[in-house]
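Numbers restart at 1 for each chain; the letters A, B, ... are given by sequence-line order, proteins then strands.
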Amino acid sequence: MPLDVLRSALREAAIAAGGDGQAAERATLERPKRDDHGDYATNVAMLLAPTIGGPPRDIAAKVGEELQSRLGAQLDRVEVAGPGFLNLFLSDAWHAAALAHVLEAGDRFGSGGAAAPERINVEFVSANPTGPLHVGHARNAAYGDALSRIYAFSGHEVTREYYVNDYGSQIARLAESVQARARGEAVPEDGYQGDYVQAVADAIPDAATLELGELGQRAVALMVERIRDSLHFFGVNFDVWFSERSLHEPSAKLDGTDPVTHAFERLAELDQTYAHEDALWLRSSAHGDDKDRVLVRSTGEHTYFASDIAYMLDKQERGFDRLMYVLGADHHGYKGRMAAAFESLGGDVSALDLLIMQFVHLVERGERASMSKRSGEFVTLDDLLAEIGVDAARWFLLQRSHDTTIDLDLDLAREQTNENPVYYVQYAHARISSVLDKAGAERVSAALAADTSAVALHPSEKALVKKLLMFPAEIEEAGAKRAPHRISAYALELSQTFTAFYRDCKVVGAEGDGVEDLRLGLCVAARTTIATALGLLGVSAPETM
RNA sequence: GCCCCCGUAGCUCAGCUGGAUAGAGCAGCGGACUUCUAAUCCGCAGGUCCCUGGUUCGAAUCCAGGCGGGGGCGCCA
C-alpha cells in the first residue's frame, strides 16, 4: 500500500531527525484542502517540537531532508509551511505506481484491513412479529446490514441475527386481534388494528375457532415470513432467526434444561443474583446499571430481561468474539442493563457494542407524524420501497450518521428521488462502463499491462489517484466508528473526483505515450472502487442508465 | 430529577481521537449539449460552526457551565 510506505518512511525520517517513535506514530498524513499545500501534509514537526526542542519549522525542514533522501525520485519536493507543517509533493511516477497497486488489488482493494479478525454477531432489526416493518426498522436494517458488509469485507466473520419475540403477552394480543378479525368482530382496544391483521386472519383457515396459543404461533409464523420477504427484497438477509420462545423450552444442547434456567444457574454460580420479596434479582447495579433488575417476578413469571440475558448467554456460548446490538432509540435506556448483564455473565464489555439508532421522523405537510403500530398508521418498509426503490431508500437511510434523527417526508422523497445523490454515484459508474466499452475489452487489458511510469499526470488524474488511495482508510474508519455513512460520503466524493477527471481528461484516443493506458487504468480502478463502495451499502452499480 | 442523541449555509446534513482560507447535496441566480452517457458540468450567492468560559502554538472539534430541540427512565413486551 503506497500510503503505508509513505507513512513508514515518514516515521523513519522523524526518528532520524531526532524525534521519538511515539510522536512520529501520532503524526497525521493527510490530504490538504489546498493544492498548493502539496499532495500530503504532516504535522509531525509540531508534535516532535516539545521533545526535541527548537522551532517546529526547523524540525520540519530536517524531517523533510531525511524524507527526501529516503524517497528519492518518488518525492518531487517538500515545503515547510505555516506553523510547521511539512508539505509533500509526490512525483508523477509515484502516482502511477500507486494506481498500479490499486489495479493489482482489483475488487479486493480496501478489503482485509482487519488487524485481528473476529467472529462478530450483529443482531439487528429484531422487530416484534406483530406487524409489518416500518421505516424505522428499515433504517435499522440498512445500517446493520451495511455494518455487516463492511466487517465481512474487512476480514471478519459476521453472523447476521434477528431475535424473534414470539413469546409473551404481545403474541396473545396478536392472536386475539386475528381471531376478532376472523370472526368479523371489533379488534380489542389494546389489540393490533392494522389491515395486515385481516390478511393474517384470511391466511389461517380456522382462525375464528383456533385455540389462542396455537393461533398466536401460526400468526407469528406468517408475520415472520412476511418480514423475511420484505427484508430480502431490501437486500438484507439474516443467517440466524432466533426464537425467544426457544429460550423457554427444553434444549437438547443443555441436556434438557431450558436456556433461561441455564442462565439462572450460571448467574447463581457467579453469585450475580439474589432473592428479595419473593422475586429474583440480578445484581446489575454492581456492573454500572442504575439499579438491580428483576429476573423473576414475585408472581413466578419471568421478565423480558430474563429472556434477554438467556439469549445473551447463548450467544456467548456460541463463541463470538464480539456481540453487536443495533437498537432503536427507544431502547437506549436498556444500554445500562444490557452491559451489566454482559458483565454479570463474565463477559468483557469491550467485546460488546450497543448501538443506538436515532429515529426516522415522518413529516407530512410540515408536521411530524407519529408511527404507532397499534394504531396501524405508519409507513411500512414495503411502502417506502414501492415509492422510491431499494437503491434510493438504502442510500437515503445510510447517508446520515446513526445518531442523528432523520426526517422522512415521503412526498418530498418521491419528488426528489431523481435528485438523490445515489443516482449521481450510479451514473458515474455507468459512465465509466460506457467509456470502457468504447475502448473495448482487449484494449483495456492491454492498458492494464502497460508501463505507465513515465507518463506526466494532469492534476485531475493525480487527484483521482489520491482519492482512490483513501478508500482503505475510509473502510477502516467506517468499521471502527460503526459509521457506514462514511462510505456513502466517500462514494459521492470519489464520483465527483472521477467526473472532474472525465471533464478534464479525454480517455479514449488520448494523445501521448502511455497516456491512454494510464487513463483507462484510472477508469477501471474508479469503477471497481465505486462498485465496491456501493456494494458495501447494498446499492446496485448499474452498467448503463 | 437522572440518562442518551442533536444544535454547522435558506433546507437536510458531513466534518468532531485539535491543524492552514469550515464542506456536500438540495433550493436560488447566471451560463454550457455537434459528448467518451447533460441523471452532467462551470460560475455566482449564501456562515455569530447555539452561548459563555477554560485548556494551547492552534478549537466547529477537547473540558466545564448554560440555552434550545428530540427521546428514554416499569416486577410492560
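The base of B/rG71 is paired with the side chain of A/His332 by a donor and an acceptor separated by under 3.5 Å. Residue side chain A/Asn43 does not reach the base of B/rA20 through any donor-acceptor N/O pair under 3.5 Å, judged by distance alone.
Two residues, A/His302 and A/Asp504, neighbour RNA chain B, and the one matched to the more 5' nucleotide by heavy-atom proximity is A/Asp504. In terms of position along RNA chain B, the nucleotide closest to A/Asn420 lies nearer the 5' end than the nucleotide closest to the other residue of the pair A/Tyr424 and A/Asn420.
The distance from the OH atom of A/Tyr490 to the CG atom of A/Leu468 is 5.0 Å, given to the nearest 0.5 Å. Atom CG of A/Asn165 and atom OG1 of A/Thr130 lie 8.5 Å apart (nearest 0.5 Å).
For the OP1/OP2 pair of B/rC4 and a distance below 4.0 Å, the side-chain nitrogens and oxygens of A/Lys335 include no atom meeting the criterion. Neither OP1 nor OP2 of B/rG74 sits under 4.0 Å from any side-chain N or O of A/Arg293. For A/Arg400 and B/rG15, the shortest distance from a side-chain N or O to OP1 or OP2 is not below 4.0 Å. Phosphate proximity of B/rG25 to A/Gln496: present, with a side-chain N or O under 4.0 Å from OP1 or OP2. Residue A/Arg503 places at least one side-chain N or O closer than 4.0 Å to OP1 or OP2 of B/rC42. The side chain of A/Tyr427 contributes an N or O atom lying less than 4.0 Å from OP1 or OP2 of B/rA39. OP1 and OP2 of B/rC4 both lie 4.0 Å or more from every side-chain N or O belonging to A/His331.
When heavy atoms are screened at a 4.0 angstrom cut-off, A/Leu492 is found touching the sugar-phosphate backbone but no base atom. Within 4.0 Å (heavy atoms only), A/Ser169 reaches sugar-phosphate atoms of the nucleic acid but no base atom. Among the protein residues, A/Glu244 comes within range of no part of the nucleic acid, since none of its heavy atoms lies under 4.0 Å from any strand.
The nearest whole Å value for the distance from the CG atom in A/Leu408 to the C1' atom in B/rC11 is 15 Å. We find that CG of A/Asp308 is positioned 14 Å from P of B/rG74, with the value rounded to whole Å. In this structure, the CE atom of A/Met46 is 13 Å from the P atom of B/rA59, given to the nearest Å. In this structure, CE of A/Met338 is placed 16 Å from C1' of B/rC73, rounded to the nearest angstrom.
Pair assignment for B/rU40: B/rA32, on the basis of Watson-Crick or G-U wobble contacts that are both within less than 3.5 Å. With a cut-off of 3.5 Å on both Watson-Crick or G-U wobble distances, the partner of B/rG1 is given as B/rC73. Summarising the base pairing, B/rA24 is matched to B/rU12 through a Watson-Crick or G-U wobble pair whose two defining distances lie under 3.5 Å. B/rC62: Watson-Crick or G-U partner is B/rG54, with both key distances under 3.5 Å.
Defined by atom type and a distance below 3.5 Å, a donor-acceptor pair is missing between the side-chain atoms of A/Glu543 and A/His429. With 3.5 Å as the limit, one finds a donor-acceptor pair spanning the side chains of A/Tyr311 and A/Glu161.
B/rC57 and B/rC51 have their C1' atoms separated by 26 Å, given to the nearest Å. Spacing between B/rU55 and B/rU12 at atom C1', rounded to whole Å, works out to 34 Å. Annotation: B/rC49 and B/rC16 have their C1' atoms spaced 11 Å apart (nearest Å). For the P atoms, the distance linking B/rC76 with B/rU61 amounts to 44 Å, nearest Å. Spacing between B/rG25 and B/rC63 at atom P, rounded to whole Å, works out to 31 Å. The separation of B/rG19 from B/rA59, taken at their C1' atoms, amounts to 10 Å, rounded to a whole angstrom. The P atoms of B/rA22 and B/rA64 are separated by 27 Å, rounded to the nearest whole Å. Remark: the separation of the P atoms in B/rA24 and B/rA9 is 14 Å, to the nearest Å.
Side-chain proximity of A/Arg297 to the nucleotides B/rG19, B/rC76, B/rA14 is greatest for B/rC76. In the set B/rC76, B/rG74, B/rC16, the nucleotide with an atom closest to the side chain of A/Arg486 is B/rC16. Minimum atom distance to the side chain of A/Thr404 is reached by B/rC13, of the listed B/rC75, B/rC13, B/rC57. Taking only side-chain atoms of A/His361, from C-beta outward, the nucleotide of B/rA39, B/rC75, B/rG70 with the closest atom is B/rG70. With B/rA20, B/rA39, B/rC6 as the choices, the nucleotide that has an atom nearest any side-chain atom of A/Asp403 turns out to be B/rC6. Checking B/rG74, B/rA20, B/rG25 against the side-chain heavy atoms of A/Ala81 singles out B/rA20 as nearest. For A/Glu30, the side-chain atoms get nearest to B/rG19 when compared with the rest of B/rU40, B/rG72, B/rG19.
Within residues 463-479 of chain A, no residue is approached by RNA chain B to less than 4.0 Å at the level of any non-hydrogen atom.
Both thresholds, 5.5 Å between centres and 30° between ring planes, are met by A/Phe85 relative to the base of B/rA20, so the two rings are stacked. Judged by ring centres under 5.5 Å apart and planes tilted less than 30 degrees, A/His37 stacks against the six-membered base ring of B/rA20.
The aromatic ring centres of A/Tyr427 and A/Tyr424 sit 6.0 Å or more apart. Aromatic rings from A/Phe242 and A/Tyr162 are positioned such that their centres are separated by 6.0 Å or more. In summary, the aromatic rings of A/His248 and A/Tyr167 are positioned with their centroids under 6.0 Å apart.
Here A/Phe264 pairs with A/His302 under the ring pair (Phe, Tyr, Trp, His ring centres under 6.0 Å) rule; sequence neighbours left out.
Side-chain atoms of A/Val360 and A/Thr405, non-hydrogen and from C-beta on, never get closer than 4.5 Å to each other.
With respect to the salt-bridge test (charged N to carboxylate O, under 4.0 angstrom), the residues A/Asp289 and A/Arg293 qualify.
Taking the centre and axis of the six-membered ring of A/Tyr40, the NZ or CZ atom of A/Arg31 falls outside the cone set by 45° and 6.0 Å.
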